[in-house]
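What follows is a set of notes on a single structure, which appears directly below.
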Number of protein chains: 2
Amino acid sequence: MAVAARRERERTARREAILDAAQELIASEGYYGVRMDAVADAAELSKGTLYLYFENKDALCAAVATRLIDEFIPRIEGAINEAQSGLDGVRALLQAYYDQTVENPHHFRFALAWLSAGERMDDSTEAFQTYRGRVGNMLSLVVATLQRGQADGSIRVDVDALPQAMQLWTSFLGIVLVGLNREAMEQRIPVPVDLTQLVPLHLDAMRRALSSEGTA
Amino acid sequence: MAVAARRERERTARREAILDAAQELIASEGYYGVRMDAVADAAELSKGTLYLYFENKDALCAAVATRLIDEFIPRIEGAINEAQSGLDGVRALLQAYYDQTVENPHHFRFALAWLSAGERMDDSTEAFQTYRGRVGNMLSLVVATLQRGQADGSIRVDVDALPQAMQLWTSFLGIVLVGLNREAMEQRIPVPVDLTQLVPLHLDAMRRALSSEGTA
DNA sequence: GCCGCAACTGACCGCCAGTCAGTCACTGAC
DNA sequence: GTCAGTGACTGACTGGCGGTCAGTTGCGGC
């Protein structure tokens, strides 16, 4: 059936077109500002059609976030591979993740909405499963980099790589969150502080915490 | 005018009653699940009346969050004061904040919504100003504890206390965020990990990063 | 007894995610 | 050639919720 094959191609093309439209709108309006009507308009479709391709708004957003992660995981891998040691690799990983996220913060905003929404976000859809897989890939990168550092002697070996990776990643979550809204934050928080130092300070702290130097 | 004084008392009492109702509903439904109609019902008022006491939902939530912070800042201060050194004080502060937040996570969820909502949350209201003041108080506690540690020699002196406090606090944000949803997270994240270690691991990392030992 | 004023009410509005009965265009069978 | 079947698509509609405002109520002062 050549027809079925063409239908399938057209279907994925349309899906991509919807994602293009959604991604652009998210870039200009932010996750919270996007309306499904606007996505439909931009994709030159009616709103009902969107729901033939994505189960709901969250699933659509998850698909966009997956795309974004796919774009920048290779760049982060590149940065890690250039590092001289595992410990330097950790620094490179975090810095690359931060730089990428500042450049395009939308995948991060989505992850945050997911984490903080608790039960209110429907994460049972297929698009979400795919997204979760990507999050797993990111974490695997962190674990692998820690293990590399333990193997080459730059990172202390008296902790398990997996929980330590979670600590590393999770603490960085907060740093990125505040770093992203640096300017707004400096006004919002009723304390005069220069947040440009936040990332370097945190990287230093993590280096100290992870370095094999100082371990008996 | 005794009448005016009584009116004033009644007005603040009513405001407190609304806050009571809102706080209870938030505790059972979560910040995202609370509806203004439900608050009005619980307070035995009509919805319109709520808006005579609070400019909008965000302002009401900010007022509830302020209450919650007011309840537990003293307990955190107590924990800090019992610590032997500034470095121990940092540990005590974070641990106390974490324990309090696990017990009643709603102030944290609100802070998170504020931080991640960006421009979409109206933080110009008076209730919000008050709330911001409380956030400032929390941060001041962190700064003071760091300075105490620098004075007593337990914390390294080669960094400024204020930016370091921001690093400390901000990185803890992520830890608390994930720690709060520990069980859900362990299922959600596609990596088998025991998140109960997260907080102790982070406290150890911070101790290493801040300790004066190891500094030239 | 009546006026003024503040508190309060609840029907109503606008916004937006999500739905579904109906239309349209194409395809393959005869 | 035509006609029934099928999948893609449509857009008016629904429901939920934050927020509004014209109208009501009742207390205090005169």
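Just so it is clear, the values below take in all heavy atoms, side chains as well, and ignore hydrogens, waters and symmetry mates. Here is how names work: the chains are called A, B, and so on, in the same order as the sequence lines, proteins then strands, and each is numbered from 1.
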Next on the checklist: Any residue in residues 60-68 of chain B with a heavy atom nearer than 4.0 angstrom to DNA chain D? Just list them by number, or reply none.
Outcome noted: none
Next on the checklist: Using a strict heavy-atom distance below 4.0 Å, which residues from residues 11-28 of chain A are in contact with DNA chain D?
Outcome noted: A/Arg11, A/Arg14
Sequence neighbours excluded, which residues qualify as side-chain contact (heavy atoms from CB on, under 4.5 Å) partners of [X]?
X: B/Gln197; value: A/Pro163, B/Asp194, B/Leu201
X: B/Gln147; value: B/Val143, B/Gln150, B/Ala161
X: B/Glu82; value: none
X: B/Arg91; value: B/Leu203, B/Asp204, B/Arg207

Item to check | With A/Ser46 via side chain to side chain donor-acceptor pair (under 3.5 Å) - residues at least two apart | outcome: A/Thr49
Checklist entry - Under 4.0 Å between a side-chain N or O of A/Ser46 and OP1 or OP2 of D/dG11? => result no
Checklist entry - With the sugar-phosphate defined as primed atoms, P, OP1 and OP2, and the base as all remaining atoms, what B/S/- string results for nucleotides 11-25 of chain C, 5' to 3', for protein heavy atoms under 4.0 Å? => result -----SBBBB-----
May I have the distance from [X] (atom [atom1]) to [N] (atom [atom2]), rounded to whole angstrom?
X: A/Tyr53; N: D/dC9; atom1: OH; atom2: C1'; value: 9 Å
X: B/Glu10; N: C/dC8; atom1: CD; atom2: P; value: 9 Å
X: A/Leu50; N: D/dA8; atom1: CG; atom2: P; value: 15 Å

Item to check | Closest to the A/Leu52 side chain, choosing from C/dT9, D/dC9, C/dA7 | outcome: D/dC9
Next on the checklist: Under 3.5 Å, is there a donor on one side chain and an acceptor on the other for A/Gln100 and A/Glu103?
Outcome noted: no
Next on the checklist: Ignoring hydrogens and geometry beyond distance, is a side-chain donor-acceptor pair present between A/Gln164 and A/Gln167 at under 3.5 Å?
Outcome noted: yes
Item to check | Of A/Val39, A/Thr125, A/Leu19, the residue whose pairing with A/Phe54 passes side chain to side chain contact (heavy atoms under 4.5 Å, CB included) | outcome: A/Leu19
Checklist outcome for this item: In A/Leu146, A/Ile76, A/Leu168, the residue satisfying side chain to side chain contact (heavy atoms under 4.5 Å, CB included) with A/Leu93 is A/Ile76
Item to check | Heavy-atom pair of closest approach, residues A/His107 and A/Asn104 | outcome: CD2-O, 3.5 Å
Item to check | Test log, rule side chain to side chain contact (heavy atoms under 4.5 Å, CB included), inputs B/Leu198 and B/Arg182 | outcome: CA-CA 9 Å; B/Leu198 200 54; B/Arg182 188 176 58 76; over 6 Å; no
Next on the checklist: Suppose the criterion is salt bridge (charged side-chain N to carboxylate O under 4.0 Å, His left out): which pairs have a residue in residues 159-177 of chain B, not counting sequence neighbours?
Outcome noted: none
Polar pairs (N or O, both sides) under 3.5 Å between protein and nucleotides 22-25 of chain D?
none

Item to check | Partner residues of A/Phe128 under the ring pair (Phe, Tyr, Trp, His ring centres under 6.0 Å) criterion, sequence neighbours left out | outcome: A/Phe110, A/Trp114
Next on the checklist: What's the angle between the local helix axes at either end of the helix from C/dG1-D/dC30 to C/dC30-D/dG1, using five pairs per end and rounding to 10 degrees?
Outcome noted: 30°
Checklist entry - Can you tell me if B/Asn181 uses its side chain to pair, donor with acceptor, with the backbone of A/Leu115 under 3.5 Å? => result yes
Next on the checklist: Does B/Asp20 form a salt bridge (charged side-chain N to carboxylate O under 4.0 Å, His left out) with B/Arg67? I'd like the steps, not just the answer.
Outcome noted: CA-CA 10 Å; B/Asp20 287 340; B/Arg67 263 190 170 195; 2.9 Å; yes
